[in-house]
Amino acid sequence: MLLLTGSSLSIEDVYDVVYEFASVGIADEAKTAMLASRDSVNRWVENKETVYGITTGFGDLATVHIPVAQIEKLQENLILSHSAGAGEPLPPAIVRAMLLLRANALCKGFSGVRIETVEFLLRLLNENLLPIIPSQGSVGSSGDLAPLAHLALAAIGRGKFWQFAKQGAATRARLDSTNHETVAAERLLQEKGIAPLQLHAKEGLALINGTQMMTAFGALEIFESRRLALAADICAALSLEGLKGTDRAFDARLHAARPHAGQTLVATNIRALMRGSAIRESHRANDPRVQDAYSLRCVAQVHGASRDAIEFAAGVIATEINSATDNPLIFPVDDEHKIAEHIEGGNFHGQPVALALDFLAIALAELASISERRIERLVNGSLSGLPKFLTEHGGLNSGMMIAQYTAASLVSENKVLCHPASVDSIPTSANQEDHNSMGSIASRKCYTVLRNVRAVLAIELLCAAQAIDFHRPLKCGAGTEPAYQLIRSLVPHLGEDRIIHNDIQTIIELLLGGGLQAKVRMIAEID
């Protein structure tokens with residue numbers, strides 16, 4: 001069981017909980033911290049102190065004092081009024097990540113919630129009882145208010161849950177899909193014998209005041225981005241084989257002269273993937289070409305820059321998933337401070353995540369952009385020396401012609417999606433909240449870019465394998481040969497036209513599961 005402390009969750013943990021259904025609980029140290037901050041909240045309520053969101057209204061209504069008798073009604077009203085989302089519902093996978101991340105943030109002990117409240121969130125997560133959350137409505141400051149309000153709405157028995165055919169047994173595909181039945185929260189909780197969550201002082205605010213929607217997207221995007229970055233290296237190496245490119249552009253001495261970490265790693269990967277290639281040796285001595293086109297020659301520089309950007313974003317997300325992001329935060333007595341304090345601040349502001357995910361989307365889009373250029377070289381007979389559109393009987397057959405159209409379409413769509421969301425801000429709450437991050441929009445755009453990149457890489461793998469077919473019986477390198485063999489075990493040579501969509505989907509599934517990367521990494525020792 002994964003025990004939450006509020007400070008030790010990793011991006012890999014998030015993926016394991018979301019997709020592998022790792023069980024989650026609360027560490028004893030987190031319980032101790034939560035008890036201390038909860039005691040402070042109870043004391044302030046008893047003493048009728050003025051504390052934002054506990055004995056006052058919210059946003060521009062912070063100056064309105066709330067009587068003690070109405071404090072719990074205040075928290076319920078907060079959830080009802082802030083459940084104002086719009087748009088298509090979030091995928092269940094994102095909801096699972098949100099439940100985990102909100103629980104982890106509360107476990108830090110700065111939010112003043114009861115242990116029972118966090119245990120309720122974790123029960124929903126562990127039993128795969130997932131609230132339906134509209135995807136639109138967050139401006140990314142004061143946290144992801146509307147999405148998290150819808151999460152809390154289901155918890156108090158007023159919203160809706162997804163109705164899986166068999167609760168707790170959802171597959172990866174089903175967690176990424178929103179094609180499920182829905183059920184009223186009150187009914188589902190009753191069927192499960194679960195009493196709706198009763199919100200006490202501060203708890204409604206603590207549940208919705210955080211960056212957990214954008215960070216849920218971010219954590220899963222980082223995990224998948226790392227997988228795709230490795231897949232992109234494999235794609236490039238296979239295309240180098242198919243186009244009879246040179247490996248000299250990946251010489252270690254060249255990259256030591258410009259030692260960016262990502263660039264150096266990618267060059268090492270390409271050398272390892274192509275090591276011992278009979279295709280490469282077949283044209284080493286008598287090739288009239290001096291150097292390859294940029295989409296081949298500059299793979300290390302372009303892929304490497306994207307990898308460095310992915311790791312920058314990963315650092316931001318790794319910090320954010322272990323941060324307290326609500327307001328106010330509660331700090332108990334310690335050696336330096338003799339009284340417990342509540343401090344009103346802005347840890348809910350999503351700017352760090354917004355900037356990182358805008359950058360991540362751009363980095364991912366570049367992997368697809370250069371991939372599409374390699375696809376074009378593969379299908380363009382005048383550039384490749386291969387049969388036009390990689391078909392033996394052009395004219396009667398169109399081969400991979402339209403697959404390149406699809407790649408071009410996805411790359412162009414990514415260019416639109418990569419306009420940064422974080423450069424925009426619209427004031428809210430009567431100008432009290434006068435700068436917002438739009439991090440939720442950055443996170444959702446990045447999710448779409450990620451899917452588009454995966455599809456482009458799948459098309460490149462198909463084209464590269466088809467090109468390599470024309471070089472047989474010559475074998476590929478130490479890593480490219482097993483990659484080629486795995487592709488061919490799933491998709492046969494394109495001898496005559498068939499439905500290319502089905503082939504693309506097969507390879508997308510291969511990339512989604514990480515099977516290609518895992519097999520090649522094991523054999524060729526790449527990273």
Side-chain angles (χ1 to χ4, degrees), residues 227-252 265-287 289 292 295-297 299-300 303 367 370-371 374-375 377-379 384-387 390-392 399-400 403 454 456-495 503-504 506-527:
R227 273 186 172 176
L228 285 185
L230 180 56
D233 291 353
I234 298 169
C235 287
L238 283 167
S239 290
L240 278 159
E241 299 272 29
L243 291 165
K244 290 193 172 181
T246 178
D247 56 359
R248 281 184 58 77
F250 306 97
D251 189 293
L265 177 58
V266 173
T268 301
N269 282 349
I270 300 297
R271 291 196 306 272
L273 286 162
M274 294 184 68
R275 186 177 62 250
S277 168
I279 296 176
R280 173 67 188 103
E281 293 306 317
S282 72
H283 63 98
R284 187 180 294 277
N286 58 354
D287 196 322
R289 296 171 295 176
D292 288 322
S295 58
L296 299 174
R297 191 183 353 144
V299 164
H303 288 199
L367 293 178
I370 195 170
S371 172
R374 294 191 295 263
I375 293 167
R377 301 194 78 81
L378 286 162
V379 302
S384 68
L386 296 164
L390 299 171
T391 182
E392 294 98 327
M400 300 300 290
R454 188 182 293 118
V456 173
L457 295 182
I459 292 168
E460 183 179 3
L461 289 172
L462 289 169
C463 290
Q466 186 76 4
I468 290 167
D469 287 343
F470 295 112
H471 301 318
R472 302 311 262 184
L474 295 176
K475 295 290 185 72
C476 300
T480 45
E481 182 64 25
Y484 166 81
Q485 294 289 354
L486 179 56
I487 293 165
R488 278 290 166 258
S489 71
L490 298 169
V491 178
H493 174 76
L494 186 65
D503 295 348
I504 295 171
T506 296
I507 302 303
I508 285 174
E509 290 299 317
L510 175 64
L511 293 176
L512 193 60
L516 175 69
Q517 300 92 317
K519 180 167 184 174
V520 176
R521 177 187 275 133
M522 180 177 61
I523 296 170
E525 298 181 357
I526 59 174
D527 199 3

Do the side chains of [Y] and [X] get nearer than 4.5 Å, heavy atoms only?
X    : Y    : value
R374 : L296 : yes
Y484 : K475 : no
L230 : D527 : no
I526 : D233 : no
N269 : L265 : yes
L486 : V520 : no
R289 : H283 : yes
D292 : L243 : no

Between the main-chain N or O of [Y] and the side-chain N or O of [X], is there a donor-acceptor pair closer than 3.5 Å?
X    : Y    : value
E460 : S239 : no
R271 : F250 : yes
Q517 : R227 : yes
R454 : I508 : no
S282 : I279 : yes
H471 : G242 : yes
T480 : L273 : yes

Go through it in stages, so that I can follow the logic: the residues are H303 and I370, the test is side-chain contact (heavy atoms from CB on, under 4.5 Å), and I'd like the CA-CA distance, side-chain angles, deciding distance and then a yes or no. CA-CA 9 Å; H303 288 199; I370 195 170; 3.7 Å; yes
By side-chain hydrogen bond (donor to acceptor under 3.5 Å, both in side chains), which residues pair with R488, not counting sequence neighbours? Q466, D469
Under the rule for side-chain hydrogen bond (donor to acceptor under 3.5 Å, both in side chains), what residues qualify as partners of T246, not counting sequence neighbours? R280
Write down the atom of [X], the atom of [Y], and the distance for their closest heavy-atom approach.
X    : Y    : answer
M274 : G245 : CE-O, 4.4 Å
A478 : A272 : CB-O, 3.8 Å
V266 : A300 : CG1-CA, 3.6 Å
L457 : L367 : CD2-O, 4.3 Å
L378 : A464 : CD1-N, 3.8 Å
T391 : G399 : CB-CA, 3.8 Å

Determine, stepwise, if the pair L461 / L511 fulfils side-chain contact (heavy atoms from CB on, under 4.5 Å). CA-CA 10 Å; L461 289 172; L511 293 176; 3.9 Å; yes
Picking from L494, L462, V379, what satisfies side chain to side chain contact (heavy atoms under 4.5 Å, CB included) with L390? V379
Tell me whether the count of non-hydrogen atoms from other residues, nucleotides or ligands lying under 6.0 Å of CD in Q485 goes above 12. yes
More than 12 heavy atoms of other groups within 6.0 Å of R472 CZ: yes
Euclidean distance, I234 CD1 relative to L516 CG, rounded to 0.5 Å: 4.0 Å
Separation between CD1 (I468) and CD1 (I487), nearest 0.5 Å, reads 7.5 Å
Is there a salt bridge (charged side-chain N to carboxylate O under 4.0 Å, His left out) between R284 and D247 once you walk through the steps? CA-CA 10 Å; R284 187 180 294 277; D247 56 359; 3.5 Å; yes
